[in-house]
Protein chains: 2
Amino acid sequence: MDRDQTDKDDEASAHERPTLKTLAFMTGLGVTTVSRALKDAPEIGAETRRRVQLVARQIGYRPNRAGVRLRTGKTNVISLVLNTEREIMSFVSDIIYGVSEVIADTPYHLIVTPYSRSQDPLDPVKYLVESGSADGVIISRTQPNDPRARYMLERGIPFATHGRTDMGLVHPYHDFDNYAFAAEAVRHLAGIGRRRLALVTPPVGLTYYGHTVNGFADALGEVGASEVPFNTVSIDQSIDQIRTRTAQLMRRDVRPDGFVSSAAAATLAIVAGIEDAGLKLGRDVDVVSKQSSELLHLFRRELLVVNEDFRLAGTELARAVLGWIGGGAPGSLQSVVKPGNVVSYSG
Amino acid sequence: MDRDQTDKDDEASAHERPTLKTLAFMTGLGVTTVSRALKDAPEIGAETRRRVQLVARQIGYRPNRAGVRLRTGKTNVISLVLNTEREIMSFVSDIIYGVSEVIADTPYHLIVTPYSRSQDPLDPVKYLVESGSADGVIISRTQPNDPRARYMLERGIPFATHGRTDMGLVHPYHDFDNYAFAAEAVRHLAGIGRRRLALVTPPVGLTYYGHTVNGFADALGEVGASEVPFNTVSIDQSIDQIRTRTAQLMRRDVRPDGFVSSAAAATLAIVAGIEDAGLKLGRDVDVVSKQSSELLHLFRRELLVVNEDFRLAGTELARAVLGWIGGGAPGSLQSVVKPGNVVSYSG
DNA sequence: TTGGCAATCTGTAACGTTTCAGTATATTGA
DNA sequence: TCAATATACTGAAACGTTACAGATTGCCAA
C-alpha cells in the first residue's frame with residue numbers, strides 16, 4: 001500500500017498505455033499476481049481473477065509484445081515466405097487473406113518475408129530461424145526434397161508447406177490434389193471425344209509437377225488416349241513463350257485436340273496460341289484449366305475449368321502452423337483438398 | 001578483466017545467438033561501449049569501433065528486435081493495411097512486392113493488417129497506433145476526407161496513402177493520375193470516331209472516383225463528345241452485375257459507342273455484356289481500360305489499354321513512409337505518376 | 001498448542017537493448 | 001605544478017513481461 005516509488009509514472013500523465021504495473025496499482029495487487037490472474041493461473045483466487053480481468057478489459061490493457069517477446073522468446077508472429085517474381089493473376093493475395101482470416105482473433109501478426117528468384121530459397125528461412133523472428137513459417141513452391149522443410153525440422157521451428165514433400169519426414173502441409181485434377185481433366189476430355197492430349201505442366205522441380213504428370217499419364221492409359229509431348233512448356237514460363245510454342249505445336253501434323261493446363265494465366269496464352277494457328281476452341285481443340293478466380297469463362301465460353309481455392313489454402317496452412325505451435329502432432333495437421341468437377345459454361 | 005560472473009552463459013554453450021554481452025566478452029569491452037561502437041557514436045575510439053564492428057560481422061551479430069523495441073519503442077515494422085474483400089485480379093500482391101523490394105535492405109519487416117468490409121476501416125489503424133505495433137503505416141482505398149489519415153496525423157504516426165486526400169492536410173502519398181487517364185481515354189476514343197461514351201467508375205467515395213469522373217467530363221467537353229449515363233455501375237460491383245447492366249445498356253436505343261473502364265476485371269464483364277447484347281468490340285463499340293497485368297490483349301485483341309504499375313506504387317509508398325520515419329518533410333514525399341499512352345494491340 | 005500444508009499473494013531477477021551519470025586517463029593551459 | 005578539460009570507456013537503471021523462490025494467512029490433524 002505504500003505509494004512512495006510509484007509517483008513518477010502511472011497516474012496523472014495524459015494517457016500512457018496501461019501496463020501490468022498500471023493494473024497492479026489500480027487493483028492494489030502485485031504485478032506478478034496481475035500477470036497470473038490474466039492468464040488464468042490456478043493459484044489465483046477466483047474473485048481476484050475476475051476483478052483483475054474486469055479492470056484490464058475496462059482500461060483496454062494489451063500485453064506489450066516486446067516485453068513478452070524479450071522475456072519468453074515468443075514472437076506471436078507467423079511469417080509467410082514468398083517468391084517475389086511477378087506473375088499474372090497471382091494467388092498470393094488469396095493466401096494472405098486466408099491466413100489473415102485465421103489469425104484475426106489470435107495475438108498473431110502476419111509478416112511477409114520475400115525472396116527473389118536469384119536468391120537461394122533457403123536464405124529467407126534461415127534468416128527467420130536464426131533471428132528468431134517468427135513462431136511459425138509458411139512456405140510454398142514446395143519440392144519433393146525440400147531443403148527448407150528439412151532445415152526447419154532440424155531446428156525445430158513449426159512450419160507448414162503449401163504442397164507436399166517426399167522425404168520420408170512428417171510435417172504439416174496443405175495441398176490441392178493435382179493428381180486427381182489432371183486425371184479428371186483427361187477423363188473429361190476423353191469423354192467428349194478428345195484423344196490426343198497435351199499437358200502444360202507446373203514448374204519442373206516442384207512436388208505438384210510430379211503429381212500432375214502422374215495423374216495425366218495414368219488417366220491417359222485408363223481411357224486409352226495418347227499424349228502429345230509438350231514438355232518444353234510449363235506454367236512459369238512467360239505468356240509470350242507459351243503462346244508461341246502452342247502456336248508452333250498446333251501447326252504440326254500431329255497436333256493435340258485437347259489441353260490440360262495447370263494455371264489460368266498459361267491458359268490465356270494457350271488459347272491465344274491456338275487461335276494464332278487458325279484453330280478454334282471447342283471445335284478443333286478443348287482446354288481444361290485450373291483457375292483460382294472465376295474469370296476464364298469470361299475469356300472464352302468454351303473453356304473447361306476446375307477451381308482451386310487459394311483462400312482455403314491460406315486458412316488451412318494457418319491452422320496447420322498454429323496447430324503445431326499449439327503442440328498438435330505434425331502428422332495430424334495435413335490436408336489435401338480434392339478438386340471439384342470440371343465445369344463447362346457453354347452448352 | 002574479471003571473469004567471475006560471466007560463466008553461466010556466453011561461452012561453451014552449443015551456439016546461442018550472440019548478444020551485446022557476447023560481443024563485450026569477446027572484445028573485453030563493456031556492453032555500453034559495444035552498443036555505441038556499433039552505431040558509430042562519436043565518443044568511441046576509431047580503432048575500438050573498427051574492432052567491435054569486425055567481430056560483430058564475423059560472428060553474425062544481429063540486434064535483438066525485442067530488446068530494441070522494448071527499450072526504444074522502435075518496432076522496425078511497417079504495416080500495410082488491407083481490405084480483405086476478395087477481388088478478381090487483385091493488385092495487392094504487386095504492392096506487397098513493391099514494398100518488400102524497398103525494405104529488403106533495411107531492418108524493417110512488413111506486416112499485413114487486414115480488415116473486412118463489415119469493419120470500420122479506422123479499426124485496424126487504431127489498433128496499430130494504440131498497440132504501437134508499427135513505426136509506419138500504408139493505407140489504400142483513400143477518401144477525400146479520410147478519417148484514418150486524420151487520425152494518424154493527430155497521433156503523429158508516419159504513414160502514406162495510396163491515393164490522395166483532400167482535407168487541406170499534408171501527408172505523403174502516391175497516386176496514379178486518374179484524371180489524366182480518363183481524359184486521355186476519352187480523347188483516344190474521340191480520335192477513332194467514338195462520340196457517345198460511358199464511364200465505369202472507381203468505387204464511389206474514394207478520392208480517385210472524383211479524379212476519374214472529372215477527367216472524363218472535362219475531356220468530353222474538350223472533344224465535344226457526350227456522356228451516356230452509366231452511374232449505377234462501378235468497379236467494385238460483382239462481375240455478374242456489371243455484365244448484366246452493360247448488356248441492358250447496350251440494348252437501349254441510345255447506347256454508348258465507347259467505354260472507359262477503371263479496372264481490368266470490370267472490363268472483362270463489360271465486354272461480356274457487350275457481346276451478350278449481340279454487339280461486337282471494335283466495330284460497334286470500343287473500350288479503353290486500365291490494367292495492372294498485361295493480359296487484356298489476350299482476352300480481346302481489340303481492347304485499348306492503359307497500364308498502371310502497382311509494384312511501382314508499392315515502392316513509392318514504402319519510400320514515402322520510410323522517408324517520413326527518417327525525418328523527411330511529409331510534403332516532399334508525395335508522388336503522382338502519369339499514365340502511359342493508350343495502347344492498341346489490334347491494327 | 002503446534003506443526004504442517006494448502007491457498008494466495010509478493011519481490012526479485014532476467015530477457016537485450018539504450019540512456020544516464022559517472023570514472024579513469026591523458027592532455028592542455030597558466 | 002596543479003587544476004581544468006577532453007577522450008574513451010563503464011556500471012546501473014529502465015523498458016514490460018514471466019519464472020523462481022519465497023512470504024503470509026488460515027485451517028486442520030495430532
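In the text below, chain A, chain B and the rest are named by the order of the sequence lines, each starting its count at 1. Just so you know, these numbers use all the heavy atoms, side chains as well, and skip hydrogens, waters and symmetry mates.
Across all strands, Gly30(B) comes closer than 4.0 Å only to sugar-phosphate atoms, never to a base (heavy-atom distances).
Nearest nucleotide to the Thr33(A) side chain, out of dC9(D), dT17(C), dC9(C): dC9(C). Considering only the side chain of Leu29(A), dT10(C) comes nearest among dT8(C), dT10(D), dT10(C).
Rounding to whole angstrom units, CZ of residue Phe25(A) and P of dG16(D) are separated by 16 Å. Protein atom CG of Asn76(A) is 18 Å distant from nucleotide atom P of dG16(D), rounded to whole Å. Rounded to a whole Å, the CG atom of Leu23(A) is 15 Å from the P atom of dC9(C). Between Lys21(B) atom NZ and dT18(C) atom P there is a gap of 16 Å when expressed in whole angstrom units. In this structure, Arg49(B) places its CZ atom 13 Å from C1' of dC9(D), rounding to the nearest Å. Between Arg17(B) atom CZ and dG16(C) atom P there is a gap of 9 Å when expressed in whole angstrom units. In this structure, CD1 of Ile44(A) is placed 10 Å from C1' of dT10(C), rounded to the nearest angstrom. Atom-to-atom, CG of Leu38(B) to C1' of dC9(D) comes out at 15 Å; the value is rounded to the nearest Å.
Using a 3.5 Å distance cut-off with no hydrogens or angles, the side chains of Glu316(B) and Ser335(B) do pair a donor with an acceptor. Donor-acceptor pairing under 3.5 Å is lacking for the side chains of Thr165(A) and Asp146(A). For the residue pair Arg150(B) / Asn145(B), a side-chain donor-acceptor distance below 3.5 Å is found, with atom types taken as modelled. Between Ser100(A) and Thr84(B), the side chains place no donor N or O within less than 3.5 Å of an acceptor N or O (distance only, hydrogens not considered).
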The test is side chain to side chain contact (heavy atoms under 4.5 Å, CB included); show your working for Ile103(B) and Leu110(B) and say whether it passes.
CA-CA 8 Å; Ile103(B) 67 176; Leu110(B) 171 66; 3.7 Å; yes

field: Audit row: Tyr173(A), His162(A), ring-ring contact (aromatic ring centres under 6.0 Å, His included) steps and yes/no
entry: CA-CA 6 Å; Tyr173(A) 60 75; His162(A) 188 202; over 10 Å; no

Restricting both atoms to N or O, compile the protein contacts to nucleotides 18-20 of chain D shorter than 3.5 Å, with distance only.
unit_1: dT18(D); atom_1: OP1; unit_2: Lys39(A); atom_2: NZ; d: 2.6
unit_1: dT18(D); atom_1: OP2; unit_2: Ser35(A); atom_2: OG; d: 2.7
unit_1: dT18(D); atom_1: OP2; unit_2: Lys39(A); atom_2: NZ; d: 3.3
unit_1: dT18(D); atom_1: O2; unit_2: Arg71(A); atom_2: NH1; d: 2.1
unit_1: dA19(D); atom_1: O4'; unit_2: Arg71(A); atom_2: NH2; d: 3.3
unit_1: dA19(D); atom_1: N6; unit_2: Thr32(A); atom_2: OG1; d: 3.2

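Considering every non-hydrogen atom in both Gly30(A) and Ala24(A), the closest pair reads C-CB, 3.9 Å.
For the pair Thr48(B) and dC9(D), the criterion of a side-chain N or O lying under 4.0 Å from OP1 or OP2 is met.
Relative to the axis of its first five pairs, the axis of the last five pairs of the helix from dT1(C)-dA30(D) to dA30(C)-dT1(D) sits at 60°, rounded to 10 degrees.
Taking CZ of Arg141(A) as the start and CZ of Arg148(A) as the end, the distance is 9.0 Å to the nearest 0.5 Å.
The 5' end of DNA chain D is approached more closely, in terms of each residue's nearest nucleotide, by Glu43(B) than by the other of Glu43(B) and Leu70(B).
Between Glu130(B) and Arg62(A) there is no salt bridge, since no side-chain nitrogen of the basic residue lies less than 4.0 Å from a carboxylate oxygen of the acidic one.
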